[in-house]
Amino acid sequence: MAKQREALVTNIFTADPSAHVFDDKIYIYPSHDLPHDGADDDEGIEYAMEDYHILSMDNVDAPCIDNGEALHMKDVPWVSKQIWAPDVALKDGKYYLYFPARDKQGIFRLGVAVSESPVGPFKAEESFIPGSMSIDPAVFKDDDGKYYCYNGGLWGGQLEKWMTGSFEENPREIGENEPALGPFFAELNDDMKTFKATPKMIQILDENGEPIKAGDEDRRYFEGPWMHKYNGLYYLSYSTGTTHYLVYATGKSPEGPFTYRGRLMEPVIGWTTHHSIVEYHGKWYLFYHDCEISGGINHRRNVKFTEIFYNEDGTIKTVFPYDHK
Ligand code: FUB
């Protein structure tokens, strides 16, 4: 049986869980961590993933099932390595899997693969989404039926290399007092395989309406965006990377700007922290990962979930991942 705050599967290492509810079941789209020899580096060389396995649970108390390989990078013509954190969207009976990977030039791009089943197998497009870059796609369907893709990650995720709008191998350093970079944002076309326009960078502001600064590592965007809507408000949540928090900002439009509101979760065991938020039967759940079952090996992670709670003012009660287990 699935238990909150315990590893959902232990037969494989899984990370970066994007959770969705389809036909009243919970589906989790994670990365599949593989063994890696050698030291970790700032480019994330240790995250040498090659395929995806989709997990599912009939409800929050049911066992979590590994549905087997749904897509392997050998079947994606444009990919060279590192098939990282995915997400999925359902439209007109088809499931679209969005995933980042390095292309043959070593540049991170976003790909899409399609299936008629939520657990695959998925068939990848010949090439990456035109105009896509960096990592960690999260696709959000708004109430009006529009789909938006949020993505981006610093360091190994190459977000800095795209700050001028085109790829620069050696970008200038951003000063501590300059506005931090935000995630990219693009609306998807009806085909779900292309962007309506060139992705734009999202602004995240502080309580005074000023952009969060690059040196504000407790609050600035690092990677792993997620979008959800609660009581008509848009919540952009993300990882602060170097300080290992999950935090969130809210806004009145899916395009932002967003205002920083607080901390969603305190650090977990392991360097990375990455999440999704989903509503199931009127309750809200945070899916996340840590490195508990590998004893803290950064690239051997396991996905977990826990219920989250909102305050009356729309803020979210901070999760302390190892309290009240
Ligand atoms: O899993 C590889 C990378 O680690 C993801 O893309 C990041 O969000 C971090 O979790």
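Counting convention: from 1, in listed order, for ligands and their atoms alike.
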Proximal atoms of ligand 1 relative to [X] (non-hydrogen, under 4.0 Å):
| X | result |
| --- | --- |
| I135 | 6 (O) |
| H274 | 7 (C), 8 (O), 10 (O) |
| M49 | 1 (O), 2 (C) |

Students should be able to answer this: which protein heavy-atom is nearest to [atom], and at what distance?
| atom | answer |
| --- | --- |
| atom 4 (O) of ligand 1 | R301 NH1, 3.3 Å |
| atom 1 (O) of ligand 1 | D16 OD2, 2.5 Å |
| atom 3 (C) of ligand 1 | W84 CE3, 3.9 Å |
| atom 9 (C) of ligand 1 | E223 OE2, 3.3 Å |

query: Would one find an N or O of D33, backbone or side chain, under 3.5 Å from an N or O of ligand 1?
result: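 N/O-N/O distance below 3.5 Å does not exist for this pair.
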query: Taking distance alone, with no angle check, do D136 and ligand 1 share an N/O pair under 3.5 Å?
result: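 Yes, D136 has an N/O under 3.5 Å of an N/O on ligand 1.
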task: Say whether H289 and ligand 1 are in contact under the criterion: heavy-atom distance to a ligand atom below 4.0 Å.
output: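 H289 counts as a contact of ligand 1 under the 4.0 Å cut-off.
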query: Applying a strict 4.0 Å limit to heavy atoms, is Q82 in contact with ligand 1?
result: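 No.
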message: Is there a ring-ring contact (aromatic ring centres under 6.0 Å, His included) between F108 and W84? Walk through the geometry before answering.
response: CA-CA 10 Å; F108 267 111; W84 282 7; 4.7 Å; yes
Once the angle between the rings of [X] and [Y] is folded into 0 to 90°, is it parallel (under 30°), tilted (30 to 60°) or perpendicular (over 60°)?
| X | Y | answer |
| --- | --- | --- |
| W78 | F99 | parallel |
| H274 | H289 | parallel |
| H20 | F22 | parallel |

query: Does atom NZ of K3 have more than 12 heavy-atom neighbours from other groups under 6.0 Å away?
result: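 No.
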field: Under 3.5 Å: donor-acceptor pair, side chain of D313, backbone of T315
entry: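 Yes: the side chain of D313 pairs with the backbone of T315.
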task: Run the ring-centre check on W155 versus F222 and record whether the distance is less than 6.0 Å.
output: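 Ring centroids of W155 and F222 are less than 6.0 Å from each other.
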field: Pairs touching residues 202-212 that satisfy side chain to side chain donor-acceptor pair (under 3.5 Å), sequence neighbours left out
entry: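 Those involving residues 202-212 are E207-R219.
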